[in-house]
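All values reported here derive from a predicted model rather than from experimental measurement.
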Amino acid sequence: MSKLYLFVLLLLFTSCSKEEEKDNEYATGNEKVGIVGKWKLVSTETDNGGGDLTVSDRTSENIIMTLDSKGIINSSRMGCAGRYSFVARENLTHKVYSIIITQLCEVNGKPSVEYIREHPAGFRDNNTLFISNDWCFKGCSDIYRRLKD
């Protein structure tokens with residue numbers, strides 16, 4: 001009987017919960033800095049203009065954005081790959097950035113439509129990136145978490 005208890009205890013200590021498994025996909029610590037990497041959309045924050053913040057969980061949508069060191073962006077949200085630049089903007093109180101995304105999509109093998117969008121962006125920490133939406137009145141951002149390699 002004691003072997004059965006020992007086995008059950010061992011099983012409990014070596015198993016992990018679904019929440020722990022979900023969190024294991026994200027990078028931790030400060031080993032990586034900057035925009036380059038793989039990012040997963042985890043939530044969207046919206047403000048109705050009166051200070052009421054609503055957070056919507058988006059993890060189940062499995063939207064992944066990859067930003068490489070050569071300025072190429074790929075995302076399951078975009079119709080085609082594109083280029084990006086991440087530039088610092090002057091601000092006296094804190095670091096402010098913009099991400100500028102340029103896409104040149106093809107139709108029937110020929111360049112067709114070019115999209116250029118600039119969004120305010122920044123970091124909450126090394127592994128949390130926010131990109132503000134340009135369609136929102138005030139305080140709307142997509143929140144991404146850095147994925148492990």
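Between Val36 and Leu67 the shortest side-chain heavy-atom distance does not fall below 4.5 Å. Counting heavy atoms from C-beta outward, Met78 and Met65 have side chains that stay 4.5 Å or more apart. In this structure the side chain of Ile72 reaches within 4.5 angstrom of the side chain of Arg83, judged on heavy atoms.
Between atom CD of residue Glu61 and atom CZ of residue Arg77 there is a gap of 7.5 Å, rounded to the nearest 0.5 Å. The CD1 atom of Ile116 sits 4.5 Å away from atom OG1 of Thr102, with the distance rounded to the nearest 0.5 Å. To the nearest 0.5 Å, the span separating CZ on Phe130 from NE2 on His119 amounts to 13.0 Å. With rounding to the nearest 0.5 Å, the separation of CD in Glu31 from NZ in Lys148 is 10.0 Å. In this structure, the separation between OG1 on Thr66 and CD1 on Ile73 is 8.5 Å, given to the nearest 0.5 Å.
Tyr97 and Leu129 fall within a single hydrophobic cluster, where Ile, Leu, Val, Met, Phe, Trp and Tyr side chains are chained together by heavy-atom contacts under 4.5 Å. Ile64 and Phe86 fall into different hydrophobic clusters, where Ile, Leu, Val, Met, Phe, Trp and Tyr side chains are chained together by heavy-atom contacts under 4.5 Å. In the hydrophobic clustering of this structure, Leu147 does not group with Tyr84; members are Ile, Leu, Val, Met, Phe, Trp, Tyr whose side-chain heavy atoms approach within less than 4.5 Å, directly or through other members. Cluster membership for Phe123 and Ile101, using ILVMFWY side-chain heavy atoms within less than 4.5 angstrom, is shared.
Each of Leu41, Val42, Val55, Ile131 was checked for a side chain to side chain contact (heavy atoms under 4.5 Å, CB included) with Ile143, and the lone residue meeting it is Val42.
Taking all atoms of both residues into account, the shortest heavy-atom contact from Ser141 to Ser132 is OG-OG, 3.3 Å. Of all the heavy atoms in Gly34 and Trp39, the pair that sits closest is O-CZ2, 3.7 Å. The shortest heavy-atom contact between Ser98 and Glu118 is OG-OE2, 3.1 Å. Heavy-atom minimum distance, Thr59 versus Tyr26: CG2-OH, 3.8 Å.
Asn127 contributes a side-chain N or O that, together with a main-chain N or O of Gly29, makes up a donor-acceptor pair within less than 3.5 Å.
Asp142 and Thr44 are linked by a side-chain donor-acceptor pair at a separation below 3.5 angstrom, with hydrogens and angles left out of the test.
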